[in-house]
S.K.: 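Below you will find the structure I want to go over with you.
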Amino acid sequence: MKREFIKSILNGPVEEREVRVAGWVRTRRDSKGGFSFIELNDGSCFASLQIIADATLANYESEISRLFPGSSIVVTGKVVASQGGGQSVEVQAVSVKVLGFCEPTDYPLQKQRVSFERLREVAHLRARTNTFGAVTRVRHALAMATHKFFDDLGFYYINTPIITASDCEGAGEMFQVTTLELGKKPDYEKDFFRQKTGLTVSGQLAAECFACSLGNVYTFGPTFRAENSNTRRHLAEFWMVEPEMAFADLADDADMAEDYLRYLFNYVLENCMEDLEFFNKRIDTTLLASLRKLAGSEFKRITYTEAIAILEQATVSFEYPVKWGADLQSEHERYLTEVKFECPVTVTDYPKGIKSFYMRLNEDDKTVAAMDVLLPHVGEIIGGSQREERLDVLSARIEEAGLSCDDYWWYRDLRKFGSVPHAGFGLGFERIVQFCTGMQNIRDVIAFPRTPGNAEF
RNA sequence: UCCGGCGUAGCUCAAUGGUAGAGUAGGUGACUGUUAAUCACUUGGUUGUUGGUUCGAGCCCAACCGCCGGAGCCA
């Protein structure tokens, strides 16, 4: 008999039929009435399936009575209507085959709550918990939604290099990739790639090459930052979604960013309700309400200059001074999204001095066509811009930034040969998973988090 | 990296400078279509590490290690 997912049994009709299921025991409750209740979870959905294991089963005393949380079993039996109140169907076992026992004295997971901090120390097992199962399913849904959204709009999914010699300036410190011996003065001529290389901090420059040929493209891959950031919003290895559109300006970019975010919120509401209800109950009681609100609402869009004016008029006092030319601080972003507008805010046209060289210089010669999408409680979820398509302006900006035009020869070639206006953005995937689950710490929305001092597992 | 907090039983947490406690998990027994099952009894400790103050340190001091929160950097 073919194994069936618990999800299909729980969602299927209540009718007597033979099934075969396999999974891991969540709990076992014995009844001296002559049977045991086994909660079985196979990851196919949030809920577990109740198995009724009768004491008349041949291995009841020898094996079933030794089934503790974490044990793996295969059950064949009959789907029947449940006599109990907690579930509509259950499986009356005909046989329970034990694949692997799990000793409770050694097993780090408990039936009771285990802290997320503790679970990070046993990250190889934490996927077996309710929370991480739910996070994993929502994360998967968001990834699928991303591909579906861009595919529907005619974007091509491209894969840009992980190892690269180009430092996407302003993005952060790079991890070095080398085969040279440690401790010696490096001679990069003798290194594997005959030049200094590192792990990518952004696929943007490569994506631009393809956008300037195929029109609309996006990357969705791992990104690495060797910053010593210790916050609940940063990882050294994270996943980034980076769309890039030809023949598009900043307004097109901001429109697409908002459409994409709304699409994601609607997608998880339509596909992950069981998991979202768990998060709403146990992690963040405002989650469902805010997802529903955002899924249908317009975002507020203001320029940086307008944002500064609003902040200057604010009655609250800020730790950092509000001054045109200085970057917005976390407290300023929070004021805009959580106090002033109480919704996502897209801020555009930042001063050129605080943004990267590749962002298109505006007519005022003081600002660039940049945008950040700010979410309440999460902060910056998206950073993007219209790219500078004028070769002379780009070259001047590279020099201004203290960089070498030679190093960016191929990037500048895009402007030399058939240059077109184009724009794009980067979205931190874990941050959107955080937002859609209500999880406080970004380390708990990725399988095996990499942070300063931590790369176990 | 900076600021602040925390580190005690397998886990979650208590404990005026004066005998180390509870819940939960585990064990034994009772009871039961249970569902965080319930009830009784019970096992379980180098109080993060090192040094210091004190008659006496889980508690006070110092350094270090680890974790958490905030800030910075960013997505």
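What you see is a predicted model, and the numbers here were worked out from it, not measured in a lab.
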S.K.: Would you indicate what R334(A) reaches in the nucleic acid, counting non-hydrogen atoms under 4.0 angstrom: base, sugar-phosphate, or nothing?
M.R.: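 Contact class for R334(A): sugar-phosphate only.
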
S.K.: CD of Q329(A) versus C1' of rC2(B): gap in Å, rounded?
M.R.: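 About 14 Å, once rounded to whole Å.
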
S.K.: More 5' along RNA chain B: S31(A) or P104(A), using each one's nearest nucleotide?
M.R.: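 Result of the comparison: P104(A).
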
S.K.: If you look at every strand shown and take non-hydrogen atoms under 4.0 Å, does F224(A) touch a base, only sugar-phosphate, or nothing?
M.R.: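 Nothing: the residue F224(A), judged by heavy atoms under 4.0 Å, touches no strand.
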
S.K.: Taking only the side-chain heavy atoms of Q87(A) (C-beta and beyond), determine which of rU35(B), rC67(B), rG72(B) contains the nearest atom.
M.R.: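 Within the option list, the nearest is rU35(B).
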
S.K.: Before giving the answer on side-chain hydrogen bond (donor to acceptor under 3.5 Å, both in side chains), spell out for R387(A) and S385(A) the whole-Å C-alpha distance, their side-chain angles and the decisive distance to 0.1 Å.
M.R.: CA-CA 6 Å; R387(A) 320 306 188 188; S385(A) 67; 2.6 Å; yes

S.K.: Sticking with atom P, work out how far rU43(B) lies from rA22(B), rounded to a whole angstrom.
M.R.: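 Here rU43(B) and rA22(B) have their P atoms 10 Å from each other.
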
S.K.: Taking the side chain of N228(A) as its heavy atoms from C-beta onward, which of rA75(B), rA71(B), rU1(B) lies nearest to it?
M.R.: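 Nearest to the side chain of N228(A) among the choices is rU1(B).
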
S.K.: Give one of base, sugar-phosphate or nothing for S82(A), where a contact means two heavy atoms less than 4.0 Å apart.
M.R.: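 It contacts base atoms.
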
S.K.: Among rA37(B), rU12(B), rG69(B), which nucleotide has an atom closest to any side-chain atom of R118(A)?
M.R.: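 So the nucleotide nearest the side chain must be rU12(B).
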
S.K.: Considering Watson-Crick and G-U wobble pairs with both distances under 3.5 Å, what does rG56(B) pair with?
M.R.: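 None - no nucleotide pairs with rG56(B), as no candidate has both distances under 3.5 Å.
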
S.K.: Could you work out the separation of rC73(B) and rC11(B) based on their P atoms and round it to a whole Å?
M.R.: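 The answer is 38 Å between these two P atoms.
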
S.K.: What contact category does R233(A) fall into here, base, sugar-phosphate, or nothing, at under 4.0 angstrom with non-hydrogen atoms?
M.R.: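 Base contact - R233(A) has a heavy atom under 4.0 Å of at least one base atom.
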
S.K.: Once you apply a heavy-atom cut-off of 4.0 Å, does N230(A) come out as touching a base, just sugar-phosphate, or nothing?
M.R.: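 Since a base atom lies under 4.0 Å of N230(A), the category is base.
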
S.K.: Ignoring hydrogens and geometry, is there a side-chain-to-backbone donor-acceptor pair from Q386(A) to L250(A) under 3.5 Å?
M.R.: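 Indeed, once roles are kept as given, a pair shorter than 3.5 Å links the two residues.
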
S.K.: Checking side-chain hydrogen bond (donor to acceptor under 3.5 Å, both in side chains) against Y218(A), which of E244(A), H147(A), E242(A) comes through?
M.R.: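 Answer to the side-chain hydrogen bond (donor to acceptor under 3.5 Å, both in side chains) test with Y218(A) among E244(A), H147(A), E242(A): H147(A).
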
S.K.: Under 4.0 Å between any heavy atoms, over every strand shown, what does R26(A) touch: base, sugar-phosphate, or nothing? Just pick one.
M.R.: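 Nothing, no heavy atom under 4.0 Å.
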
S.K.: Grab the two heavy atoms, one from G438(A) and one from L287(A), that are nearest each other, plus how far apart they are.
M.R.: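 Looks like N-CD1, 3.8 Å.
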
S.K.: Looking only at N and O atoms, is any donor in the side chain of E90(A) or the base of rG33(B) less than 3.5 Å from an acceptor on the other one?
M.R.: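 Answer is yes: a donor-acceptor pair is held.
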
S.K.: For a side-chain hydrogen bond (donor to acceptor under 3.5 Å, both in side chains) check, start with the C-alpha distance between T223(A) and R225(A), then their side-chain angles and the critical distance, and finish with the verdict.
M.R.: CA-CA 7 Å; T223(A) 307; R225(A) 303 277 168 89; 5.9 Å; no

S.K.: Between rU35(B), rA75(B), rC11(B), which nucleotide gets closest to the side-chain atoms of E380(A)?
M.R.: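 Looking only at side-chain atoms, E380(A) lies closest to rA75(B).
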
S.K.: Between the side-chain atoms of D30(A) and the base atoms of rU32(B), is any donor-acceptor pair under 3.5 Å?
M.R.: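 By the distance-only test, no, there is no pair.
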
S.K.: Quote, to the nearest angstrom, the C1' distance that separates rA75(B) from rG4(B).
M.R.: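 Result for the C1' pair: 26 Å, nearest Å.
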
S.K.: With both distances kept under 3.5 Å, what pairs with rG69(B), Watson-Crick or G-U wobble?
M.R.: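 Looking at the geometry, rG69(B) pairs with rC3(B).
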
S.K.: Pick the P atom in rA37(B) and in rU24(B), then give their distance to the nearest Å.
M.R.: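 Those two atoms are separated by 12 Å.
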
S.K.: Using purine N1 to pyrimidine N3 plus N6-O4 or O6-N4 for Watson-Crick, or N1-O2 and O6-N3 for G-U wobble, each under 3.5 Å, what pairs with rA30(B)?
M.R.: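 Check on rA30(B): paired to rU38(B), both distances under 3.5 Å.
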
S.K.: State, to 0.1 Å, how close L336(A) and A307(A) come at their nearest heavy-atom pair, and which atoms those are.
M.R.: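 Taking L336(A) first and A307(A) second, the nearest heavy atoms are CD1-CB, 4.1 Å.
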
S.K.: For rU16(B), which nucleotide is its Watson-Crick or G-U wobble mate, given both distances must be under 3.5 Å?
M.R.: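 The answer is none; no pair meets the criterion.
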
S.K.: Taking the side chain of E227(A) as heavy atoms from C-beta outward, which of rC73(B), rC67(B), rG69(B) is closest to it?
M.R.: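 The answer is rC73(B).
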
S.K.: Any base atoms under 4.0 Å from S36(A), or only sugar-phosphate, or nothing? Heavy atoms, all strands.
M.R.: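 Touches nothing.
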
S.K.: Whether the side chain of R431(A) and the base of rC74(B) hold a donor-acceptor pair under 3.5 Å is what I'd like checked.
M.R.: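 Checked by distance alone, the answer is yes.
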
S.K.: Mind checking if Y107(A) touches a base, just sugar-phosphate, or nothing, with heavy atoms under 4.0 Å?
M.R.: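 The answer is nothing, as Y107(A) stays clear of every strand by at least 4.0 Å.
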
S.K.: Distance check needed: rA75(B) C1' versus E173(A) CD, whole Å only.
M.R.: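 Computing the E173(A):CD to rA75(B):C1' distance gives 16 Å.
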
S.K.: Give the rounded distance in Å between these two atoms: CG of D444(A) and P of rG69(B).
M.R.: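 Computing the D444(A):CG to rG69(B):P distance gives 9 Å.
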
S.K.: Which part of the nucleic acid does E430(A) contact within heavy-atom distance under 4.0 Å: base, sugar-phosphate only, or nothing?
M.R.: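 If one applies the 4.0 Å heavy-atom cut-off, E430(A) turns out to touch nothing in the nucleic acid.
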
S.K.: Between rC60(B) and rG66(B), how far is it from one P atom to the other, in whole Å?
M.R.: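 Comparing P positions in rC60(B) and rG66(B) gives a spacing of 22 Å.
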
S.K.: Roughly how far apart, to the nearest Å, are rA20(B) and rA9(B) at atom C1'?
M.R.: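 10 Å, rounded to whole Å.
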
S.K.: Is the phosphate of rG69(B) approached by N441(A) (side-chain N or O, under 4.0 Å from OP1 or OP2)?
M.R.: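 Yes.
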
S.K.: Rounded off to whole Å, could you give me the CG-to-C1' distance for the L119(A) and rC11(B) pair?
M.R.: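 One finds 10 Å between C1' of rC11(B) and CG of L119(A), rounded.
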
S.K.: Quick check, does F37(A) stack with rG33(B)? I mean ring centres under 5.5 Å and planes off by under 30°.
M.R.: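 One would not call F37(A) stacked on the rG33(B) base.
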
S.K.: Return the pairing partner of rC11(B) with a 3.5 Å limit on both distances, Watson-Crick or G-U wobble; otherwise return none.
M.R.: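 Paired with rG23(B).
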
S.K.: Taking for each residue the nucleotide of RNA chain B bearing the nearest heavy atom, is the 5' side occupied by G383(A) or by G453(A)?
M.R.: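 Its nucleotide being nearer the 5' end, the pick is G453(A).
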
S.K.: Just checking F318(A) against Y335(A), ring centres under 6.0 Å apart?
M.R.: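 Centroid distance F318(A)-Y335(A): below 6.0 Å, so yes.
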
S.K.: Does E121(A) form a salt bridge (charged side-chain N to carboxylate O under 4.0 Å, His left out) with R118(A)? I'd like the steps, not just the answer.
M.R.: CA-CA 5 Å; E121(A) 295 169 10; R118(A) 167 71 185 145; 3.1 Å; yes

S.K.: With a non-hydrogen cut-off below 4.0 angstrom, is Q83(A) in contact with a base, only sugar-phosphate, or nothing?
M.R.: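 If one applies the 4.0 Å heavy-atom cut-off, Q83(A) turns out to touch a base.
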
S.K.: For rU28(B) versus rU12(B), give the span between their C1' atoms, rounded off to a whole number of Å.
M.R.: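 Result for the C1' pair: 25 Å, nearest Å.
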
S.K.: Using a heavy-atom cut-off of 4.0 Å across all strands, would you classify E121(A) as base, sugar-phosphate, or nothing?
M.R.: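 Answer is nothing: E121(A) stays at 4.0 Å or more from every strand.
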
S.K.: Check every atom of rA75(B), rU35(B), rG27(B) against the side chain of R29(A) and return the nucleotide holding the closest atom.
M.R.: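 The closest nucleotide is rU35(B).
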
S.K.: Assess whether one donor atom and one acceptor atom, taken from the side chain of S229(A) and the base of rC74(B), lie less than 3.5 Å apart.
M.R.: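 Side chain to base: no pair below 3.5 Å.
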
S.K.: Tell me whether the side-chain N/O atoms of S330(A) come closer than 4.0 Å to OP1 or OP2 in rG72(B).
M.R.: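 Answer yes for this pair, as a side-chain N or O of S330(A) is under 4.0 Å from OP1 or OP2.
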
S.K.: Give me the distance, rounded to whole Å, that separates rG51(B) from rU19(B) when you measure between the C1' atoms they each carry.
M.R.: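 Straight-line distance between the two C1' atoms is 26 Å.
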
S.K.: So what does I382(A) hit on the nucleic acid, given a heavy-atom distance under 4.0 Å: a base, only sugar-phosphate, or nothing?
M.R.: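 Sugar-phosphate contact only.
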
S.K.: Passes side-chain hydrogen bond (donor to acceptor under 3.5 Å, both in side chains), T146(A) versus Y260(A)? Steps please.
M.R.: CA-CA 8 Å; T146(A) 294; Y260(A) 172 45; 2.8 Å; yes

S.K.: Counting Watson-Crick and G-U wobble pairs only, both distances under 3.5 Å, name the nucleotide matched with rU47(B), or none.
M.R.: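 Across all strands, not a single nucleotide pairs with rU47(B).
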
S.K.: Which of the following nucleotides, rU34(B), rG69(B), rC67(B), is nearest to the side chain of E117(A)?
M.R.: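 Selected nucleotide: rC67(B).
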
S.K.: Going by the side chain to side chain contact (heavy atoms under 4.5 Å, CB included) test, name the single residue among T76(A), V75(A), V79(A) that passes it with V21(A).
M.R.: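 Of T76(A), V75(A), V79(A), side chain to side chain contact (heavy atoms under 4.5 Å, CB included) with V21(A) is met by V75(A) alone.
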
S.K.: Assign I381(A) to base, sugar-phosphate, or nothing according to its heavy-atom contacts below 4.0 angstrom with the strands shown.
M.R.: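 Contact class for I381(A): sugar-phosphate only.
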
